[in-house]
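Following: one structure in structure tokens, then a few remarks.
Every chain is numbered from 1, with letters handed out A, B, ... down the list of sequences. Keep in mind the model is a prediction, meaning the values are calculated, not measured.
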There are 2 protein chains.
Amino acid sequence: MKETFGEYIKMLRTTHGYTLTQLAGLLDIDFANLSRIENGIRDFDKKKLSKLAEVFSLNIEALQDEYASDQLAKHMYEIGCSKELLKVAEEKAEYRRTLKK
Amino acid sequence: MKETFGEYIKMLRTTHGYTLTQLAGLLDIDFANLSRIENGIRDFDKKKLSKLAEVFSLNIEALQDEYASDQLAKHMYEIGCSKELLKVAEEKAEYRRTLKK
DNA sequence: GTAAATTTGTCAAAGATTGACAAAATGAAT
DNA sequence: ATTCATTTTGTCAATCTTTGACAAATTTAC
């Protein structure tokens with residue numbers, strides 16, 4: 001899925017014909033902040049993922065992966081992550097895995 | 001470099017024969033917290049990277065990359081990042097790059 | 001044993017994120 | 001062009017997280 005998590009939510013919302021107010025109500029969040037989430041200004045609250053999955057009948061594990069990959073992509077984007085830096089990070093992540101065993 | 005940033009600092013400190021108190025003094029941080037940083041309990045403060053580079057005569061850009069890759073590795077480790085998830089994240093990071101132009 | 005060094009405990013201060021509501025802007029319909 | 005619904009932006013207090021600071025406990029080296 002090549003879109004931000006916010007764009008994904010907006011797609012879900014519009015294809016289901018919901019307004020911000022309606023979806024925000026179902027998710028129990030402020031509609032103005034949902035707007036910010038869709039536009040990438042704020043993050044979607046991780047704790048609300050299960051509710052989001054419920055509302056749109058999505059697989060929760062898949063949704064969590066969408067979320068996690070989006071957060072990681074954001075991190076990578078923010079640090080201006082080159083291929084080389086990513087490679088180093090992968091090795092270091094692997095190293096951390098070896099540590100905790 | 002296959003170690004955490006904290007381990008890297010500890011290596012630098014010990015090879016230079018500094019105690020926690022001494023290095024903490026040079027970096028202007030609390031020695032107890034430096035201990036936590038070395039042991040991965042707390043993060044090194046990004047804003048102190050230039051001071052760290054100064055103290056050990058390190059290339060600042062290389063040090064910043066060490067730091068960034070460590071932070072990314074930590075993030076990857078924390079979410080239990082699989083190869084597949086990382087691949088998706090890379091694509092999403094690329095997508096974000098295309099957006100901001 | 002003890003002195004130095006390191007680690008752990010704790011908590012207040014600083015910083016970042018989120019919730020909430022108001023107000024402004026956009027857009028669609030007529 | 002006016003109105004009404006919707007979306008976006010502004011603001012700020014509340015909440016959550018991180019950091020700084022110092023005390024106390026533990027470990028290490030002699």
Side-chain angles (χ1 to χ4, degrees), chain A residues 3-53 55-56 63-64 67-68 70-79 96 99-100, chain B residues 3-53 55-56 63-64 67-68 70-79 96 99-100:
Chain A
E3 53 191 349
T4 65
F5 199 76
E7 287 168 348
Y8 178 49
I9 293 177
K10 184 168 201 165
M11 182 274 287
L12 288 169
R13 177 174 66 79
T14 54
T15 60
H16 285 74
Y18 290 133
T19 65
L20 283 171
T21 305
Q22 289 173 329
L23 179 55
L26 292 169
L27 297 173
D28 193 31
I29 62 178
D30 186 82
F31 74 93
N33 291 327
L34 178 55
S35 168
R36 279 182 260 253
I37 289 166
E38 289 186 350
N39 292 301
I41 294 159
R42 285 196 189 193
D43 282 342
F44 184 79
D45 183 359
K46 205 182 200 168
K47 285 173 285 188
K48 293 270 157 89
L49 280 177
S50 55
K51 209 159 224 170
L52 185 63
V55 168
F56 293 114
L63 189 62
Q64 282 165 341
Y67 185 81
D70 180 72
Q71 288 292 115
L72 194 56
K74 186 181 166 202
H75 187 163
M76 285 161 56
Y77 173 72
E78 281 169 354
I79 67 177
R96 280 175 185 257
L99 281 184
K100 286 289 167 57
Chain B
E3 53 191 349
T4 65
F5 199 76
E7 287 168 347
Y8 178 49
I9 292 176
K10 185 168 200 165
M11 182 274 288
L12 288 168
R13 177 174 66 78
T14 54
T15 59
H16 284 75
Y18 290 133
T19 65
L20 283 171
T21 305
Q22 289 173 329
L23 180 55
L26 292 169
L27 296 174
D28 193 32
I29 61 178
D30 186 81
F31 76 93
N33 291 328
L34 178 55
S35 168
R36 279 182 259 253
I37 289 165
E38 289 187 350
N39 292 301
I41 296 159
R42 282 195 191 194
D43 283 342
F44 184 79
D45 182 359
K46 205 183 202 168
K47 286 173 284 189
K48 293 269 159 87
L49 281 176
S50 54
K51 209 159 223 171
L52 184 64
V55 168
F56 293 114
L63 189 63
Q64 282 165 340
Y67 184 81
D70 181 72
Q71 288 293 115
L72 195 56
K74 187 181 166 202
H75 186 164
M76 284 161 57
Y77 173 74
E78 282 168 354
I79 66 176
R96 279 175 185 258
L99 282 184
K100 286 290 168 56

Using atom names, set out every protein N or O paired with an N or O of nucleotides 27-30 of chain D below 3.5 Å, distance rounded to 0.1 Å.
none

Classify the side-chain pair Asn33(A)/Arg36(A) by whether it contains a donor and acceptor separated by less than 3.5 Å. yes
Please identify each residue that fulfils side chain to side chain contact (heavy atoms under 4.5 Å, CB included) with Phe31(A), with sequence neighbours left out. Leu20(A), Thr21(A), Ala24(A)
Is Glu78(A) salt-bridged to Arg96(B), going by a charged N under 4.0 Å from an acidic O? no
Within-4.5 Å side-chain heavy-atom neighbours: Phe5(B) and Leu52(B): yes
Check whether any side-chain heavy atom of Arg13(A) sits under 4.5 Å from a side-chain heavy atom of Glu38(A), and report yes or no. yes
With heavy atoms under 4.0 Å as the rule, sort Lys47(A) into base, sugar-phosphate or nothing. nothing
So, for Phe44(B) and Tyr67(B), which heavy atoms are closest and what is the spacing to 0.1 Å? O-OH, 2.8 Å
Dump every N/O contact between nucleotides 9-11 of chain D and the protein below 3.5 Å, one line per pair.
unit_1  : atom_1 : unit_2   : atom_2 : d
dG10(D) : N7     : Arg36(A) : NH1    : 3.0
dG10(D) : O6     : Arg36(A) : NH2    : 2.3

Close N or O pairs between protein and nucleotides 26-29 of chain C (under 3.5 Å):
none

Just wondering, do Ile9(B) and Leu34(B) contact through their side chains at under 4.5 Å, heavy atoms? yes
Lys48(A) NZ - dT18(C) C1' separation (whole Å): 10 Å
Going by salt bridge (Lys or Arg N to Asp or Glu O under 4.0 Å), name the residues that satisfy it together with Lys10(B), two or more places apart in sequence or in a different chain. none
Please give the angle, rounded to 10 degrees, between the axes at the start and the end of the helix from dG1(C)-dC30(D) to dT30(C)-dA1(D), where five pairs define each axis. 40°
Could you pull out the closest heavy-atom pair between Glu3(A) and Met11(A), with the gap in Å? OE2-CE, 4.2 Å
Round to a whole Å and report the spacing from CD1 of Ile29(B) to P of dA14(C). 18 Å
Within the structure, does a side-chain N or O atom of Arg13(A) lie under 4.0 Å from either OP1 or OP2 of dT7(D)? yes
If I take atom CG in residue Leu20(B) and atom C1' in nucleotide dT7(C), what distance separates them, rounded to the nearest angstrom? 9 Å
Please check this pair: side chain of Asn39(B) against backbone of Ile41(B), looking for a donor-acceptor N/O pair closer than 3.5 Å. no
To the nearest angstrom, the CG-P distance between Leu34(B) and dT7(C) comes to 9 Å
What are the two closest non-hydrogen atoms of Leu99(B) and Glu7(A), and how far apart are they? CD1-OE2, 3.9 Å
For Phe56(A) and Leu12(A), the nearest pair of non-hydrogen atoms, with its separation, is CE2-O, 3.6 Å
If I compare all heavy atoms of Asp43(A) with all of Ile37(A), which pair ends up nearest, and what's the gap? O-CG1, 3.7 Å
4.5 Å side-chain heavy-atom contact, Ile29(A) and Asp45(A): no
Rounded off to whole Å, could you give me the OH-to-C1' distance for the Tyr18(A) and dA5(D) pair? 18 Å
Whole-Å gap separating C1' (dT6(D)) and CG (Leu23(A)): 14 Å
Please tell me if Lys46(B) has a side-chain N or O lying less than 4.0 Å from either OP1 or OP2 of dT19(D). no
Starting at atom CD1 of Ile37(B), determine the distance to atom P of dT18(D), rounded to an integer number of angstrom. 14 Å
